[in-house]
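What you are looking at is a predicted structure, and each value in this text was computed from that prediction instead of being measured. Order of the sequence lines fixes the chain letters, A, B, ..., with proteins taken first and strands second; residue numbering starts at 1 for each chain.
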Number of protein chains: 2
Amino acid sequence: MVRDPDQSASGLHAEAHHHHAIDADAVQSRARAYATSKSIPFTSMRQRVLALLAASGKPMAAYEIAEKLSDARRVQAVQVYRALEFLQEAGCVHRLVSRSAYFACDHLHGSGETVVFMVCSQCGAVQEAASDVVARGLRGVAKTTGFKPRHPIVELEGDCANCAGEPAG
Amino acid sequence: MVRDPDQSASGLHAEAHHHHAIDADAVQSRARAYATSKSIPFTSMRQRVLALLAASGKPMAAYEIAEKLSDARRVQAVQVYRALEFLQEAGCVHRLVSRSAYFACDHLHGSGETVVFMVCSQCGAVQEAASDVVARGLRGVAKTTGFKPRHPIVELEGDCANCAGEPAG
DNA sequence: GACATGGCGTTATAATGTTACATTCGTTGT
DNA sequence: ACAACGAATGTAACATTATAACGCCATGTC
């Protein structure tokens with residue numbers, strides 16, 4: 001879940017960067033499984049978007065994805081958004097509201113789980129962590145106000161362990 | 001030439017609907033105090049934006065604010081964004097990331113406090129609640145990953161007590 | 001084959017947010 | 001009073017993010 005180069009042991013497809021590449025095979029398998037379960041195709045465009053996000057290991061803007069995927073044929077933003085919609089349904093990709101950016105995630109979240117996204121202001125890397133304490137706190141405030149929560153958004157902006165140690169690297 | 005802010009505010013206040021408007025006087029006082037403390041002016045535009053948000057009591061998009069504030073002179077979005085920037089610094093206005101909307105808030109949040117925004121999907125109303133449990137949970141996940149949090153974003157999408165009781169009303 | 005469904009490719013547009021710059025306003029120094 | 005300066009404004013243009021509309025094509029079903 002915490003995507004760190006040391007932890008991504010299956011870095012067979014790891015890019016040359018020092019970035020936090022995620023397990024591309026695992027995330028692709030999950031997307032394929034979701035597609036199969038819904039009887040919808042895991043199409044080429046969906047694979048390409050997911051592969052790019054998995055290789056990058058960092059959040060990317062939709063237009064940035066379109067740019068990177070363009071070759072002779074220009075990939076339009078709307079095509080990326082459609083692929084992202086599928087990938088988010090499949091649970092393979094999340095959207096960072098604090099950056100309007102999308103990133104691949106190789107961890108399968110339980111349906112009731114509350115996940116915290118920690119976004120590094122300096123290097124842009126994202127760490128995820130599920131927190132029962134946060135989940136309990138959210139249920140608590142909702143209960144006291146009679147609010148029926150459907151979907152939580154929890155993000156932390158700050159500095160990751162690497163960047164906090166080496167400022168402005 | 002110079003618009004009287006108090007008359008403007010009370011006029012808008014009169015148009016507040018059944019949904020709960022916030023304490024316009026209190027929030028305006030806080031904005032004025034912040035401005036004084038920073039030796040910057042609490043200008044007419046800033047007063048107008050804050051008064052509108054306070055009277056509305058609900059989140060509004062920046063362009064919607066610009067629209068409502070326009071009379072003979074068209075108020076441009078950039079002017080609204082500039083006013084919102086000041087008001088957010090003053091702690092009188094918050095931005096809802098889940099809706100890209102802005103709303104006035106009449107309680108003063110402590111600097112270390114973690115505030116949860118509960119946004120009703122049906123009526124759009126926002127409730128705020130500070131939660132020590134959530135704050136503790138966030139500190140916990142940050143600590144285990146070595147992350148240094150600076151700013152938390154916590155929002156719940158769901159149904160408020162009113163709308164949950166009377167669906168789609 | 002006829003046909004319904006869904007994804008793709010393309011164009012256009014909506015919605016949100018920012019940059020640039022000249023002007024005006026308020027304060028400050030003289 | 002008046003010049004000078006920084007901040008806030010007014011205005012236009014631009015940038016970014018996201019969606020709508022529509023025809024084409026591939027796939028599966030009858």
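Spacing between atom CZ of Phe42(B) and atom P of dT9(D) amounts to 11 Å, rounded to whole angstrom units. Note: CD (Glu64(A)) to P (dA15(D)) measures 18 Å, nearest angstrom. What separates CD of Gln79(A) from C1' of dG6(C) is a distance of 15 Å, to the nearest Å.
Between Phe117(B) and His94(B), the ring-plane angle classifies as tilted under the 30° and 60° cut-offs.
With DNA chain C read from its 5' end, the first of the two nearest nucleotides for Tyr63(A) and Ala83(A) is the one closest to Ala83(A).
With distances taken from any side-chain atom of Val78(A) to the nucleotides dT19(D), dT16(C), dT18(C), the minimum falls on dT19(D). Listed nucleotides: dT17(D), dG17(C), dG9(C). Nearest to the side chain of Arg95(B): dG17(C). The Ser100(B) side chain lies nearest to dG17(C) when the options are dT17(D), dA8(D), dG17(C). When each of dG17(C), dC8(C), dA8(D) is scored by its nearest atom to the side-chain atoms of Thr43(A), the top-ranked nucleotide is dC8(C). Closest to the side chain of Arg82(B), from the set dT9(D), dT10(C), dT16(C), is dT9(D).
For the 3.5 Å distance criterion, the side chains of His109(B) and Glu128(B) qualify, holding a donor opposite an acceptor.
Remark: Arg32(B) fails to qualify as a cation-pi partner of Phe42(B) under the 6.0 Å distance and 45° angle criteria applied to the six-membered ring.
Tyr102(A) has a side-chain polar atom (N or O) that falls below the 4.0 Å cut-off from OP1 or OP2 of dA18(D). Distances shorter than 4.0 Å separate none of the side-chain N or O atoms of Gln76(A) from OP1 or OP2 on dT10(C).
When all heavy atoms are compared, the tightest approach of Ala62(B) to Val80(B) is O-CG1, 3.7 Å.
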